[in-house]
Amino acid sequence: MEVYSGRPADAAQRLEKERRAYDLLDSLGIAYRRADHAPADTIEQCAAVDAALDVVICKNLFLCNRQETTFYLLMMPGDKPFKTKQLSAQLGVARLSFGKPEAMERLLDLTPGSVSVLGLMNDPENRVQLLIDEDVLKDPFIGCHPCINTSSLKFATKDLLERFLPAVHHEPIIVHLENSDTQEE
């Protein structure tokens, strides 16, 4: 798998939402490395991409409350188990579940398997609250899809926090998720 600096030379052949992701990163002066690959819609399929980019692709989960009135995008390390009960308690939400694909597409212009923090650029009304597990912030770089699961990007975590998120007007809530497999769901 080859790794490139910046956007693809053939960007005109890419989906419009992917081009918008590159346009925004470029306009913000965010340097990124890119790998193109077969569809990688699970963390397991991202292992080869992780190795090529020398970064762990974040697990991104689209979540909602029981009433489907409040939506969240959770960024967490790909190898960390997700414990619904733990996160619900921190947010003071009775029950969290996975958001429906239709809501994800409507709110973030993303489809299952392509969920990415970059989708927040498609949420100008801030209908989706970003949650970041504190362990993501320990790494100097993050890995994510550019709104499509046939490419992956690596860029500085600092650029995410200081350039991208302010530009898309989203302020994250930092959460603490335990890494133990023995806790209750």
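Using a 4.5 Å cut-off on side-chain heavy atoms (C-beta onward), Tyr72 and Val93 make contact. Between Phe62 and Val128, the closest side-chain pair of non-hydrogen atoms falls below 4.5 Å. Side-chain contact check for Leu137 versus Leu161: some heavy-atom pair is nearer than 4.5 Å. Proximity of Val115 to Leu61: side-chain heavy atoms (C-beta onward) are nowhere separated by under 4.5 Å. In this structure the side chain of Leu160 reaches within 4.5 angstrom of the side chain of Leu165, judged on heavy atoms. In this structure, the side chains of Met75 and Leu130 come closer than 4.5 Å at one or more pairs of heavy atoms. The closest side-chain heavy-atom distance from Thr157 to Pro140 is not below 4.5 Å. The side-chain heavy atoms of Cys144 and Ile57, taken from C-beta on, include no pair separated by under 4.5 Å.
The two residues Ala12 and Arg19 make their nearest non-hydrogen contact at O-NH1, 3.6 Å. Residues Val55 and Gly143 share a closest heavy-atom pair of CG2-N, 3.7 Å.
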Discussion item. Please determine whether side-chain hydrogen bond (donor to acceptor under 3.5 Å, both in side chains) holds for the pair Ser5 and Arg33, giving the CA-CA distance in whole Å, both sets of side-chain angles, and the decisive distance to 0.1 Å.
Written reply: CA-CA 5 Å; Ser5 290; Arg33 305 277 292 156; 2.7 Å; yes

Discussion item. Would Phe71 and Gln129 count as a side chain to side chain contact (heavy atoms under 4.5 Å, CB included) here? Give the steps.
Written reply: CA-CA 6 Å; Phe71 296 90; Gln129 173 63 58; over 6 Å; no

Worksheet item: Under the side chain to side chain contact (heavy atoms under 4.5 Å, CB included) criterion, do Leu53 and Ser152 qualify, and how do the steps go?
Response: CA-CA 8 Å; Leu53 286 172; Ser152 295; 3.9 Å; yes

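Put simply, OG1 on Thr70 and CG on Leu91 are 10.0 Å apart, with the number rounded to the nearest 0.5 Å. Interatomic distance, CG of Asn60 versus CG of Leu110, reported as 9.0 Å (0.5 Å rounding). Rounding to the nearest 0.5 angstrom, the gap separating the CG atom in Leu177 from the NZ atom in Lys59 is 9.5 Å. Between the CG atom in Leu120 and the CG atom in Leu24 there is a gap of 11.0 Å [rounded to 0.5 Å]. The CG atom of Leu74 sits 6.0 Å away from atom CG of Leu63, with the distance rounded to the nearest 0.5 Å. Summarising the geometry, atom CG belonging to Leu118 is positioned 5.5 Å from atom CG belonging to Leu25; distances are rounded to the nearest 0.5 Å.
Side chain of Gln86 to backbone of Glu178: a donor-acceptor contact under 3.5 angstrom is found. Judged by distance alone, the side chain of Arg34 and the main-chain N or O of Tyr4 form no donor-acceptor pair under 3.5 Å.
Residues meeting the side-chain hydrogen bond (donor to acceptor under 3.5 Å, both in side chains) test with Glu18, sequence neighbours left out: Arg14, Tyr22, Ser151. For Phe141, there are no ring-ring contact (aromatic ring centres under 6.0 Å, His included) partners at least two apart in sequence or on another chain. Applying the side-chain contact (heavy atoms from CB on, under 4.5 Å) rule to Glu134 yields the partners Ile174, His176; only residues at least two apart in sequence or on another chain are considered. Under the side-chain hydrogen bond (donor to acceptor under 3.5 Å, both in side chains) criterion, Glu171 pairs with no residue, sequence neighbours left out. Remark: Arg20 pairs with Glu16, Lys17, Asp109, Met121, Asn122 by the side-chain contact (heavy atoms from CB on, under 4.5 Å) rule, at least two apart or across chains. With sequence neighbours excluded, the residues forming a side-chain hydrogen bond (donor to acceptor under 3.5 Å, both in side chains) with Asp133 are Lys80, listed by chain and number.
Each of Leu153 and Val3 belongs to its own hydrophobic cluster when Ile, Leu, Val, Met, Phe, Trp and Tyr are linked at side-chain heavy-atom distances under 4.5 angstrom. Connection of Ile142 to Ile132 is established within a shared hydrophobic cluster, with ILVMFWY side chains joined at heavy-atom distances below 4.5 Å, either directly or through further cluster members. Both Ile173 and Met76 sit in one connected hydrophobic cluster of ILVMFWY residues. Membership requires side-chain heavy atoms under 4.5 Å apart, directly or through other members.
A donor atom on one side chain and an acceptor atom on the other are found under 3.5 Å apart for Tyr32 and Asp26. In this structure, a donor-acceptor pair under 3.5 Å is absent between the side chains of His145 and Ser114. For the residue pair Asp23 / Ser27, no side-chain donor-acceptor distance below 3.5 Å is found, with atom types taken as modelled.
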Under 3.5 Å donor-acceptor pairs involving side-chain atoms of residues 94-105, not counting sequence neighbours:
from: Lys100; atom 1: NZ; to: Glu68; atom 2: OE2; distance (Å): 3.4

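Residue pairs meeting the salt bridge (charged side-chain N to carboxylate O under 4.0 Å, His left out) criterion with at least one partner in residues 121-131, sequence neighbours excluded, are Asp123-Arg127, Glu125-Arg127. Identified under the ring pair (Phe, Tyr, Trp, His ring centres under 6.0 Å) test for residues 149-173, with sequence neighbours left out: none. Residue pairs meeting the salt bridge (charged side-chain N to carboxylate O under 4.0 Å, His left out) criterion with at least one member in residues 142-158: none, sequence neighbours excluded. A salt bridge (charged side-chain N to carboxylate O under 4.0 Å, His left out) check over residues 112-122, counting only residues at least two apart or in different chains, returns nothing.
Leu15 belongs to a hydrophobic cluster whose remaining members, ordered by chain and number, are Ile148; membership requires side-chain heavy atoms of ILVMFWY residues under 4.5 Å apart, directly or through intermediates.
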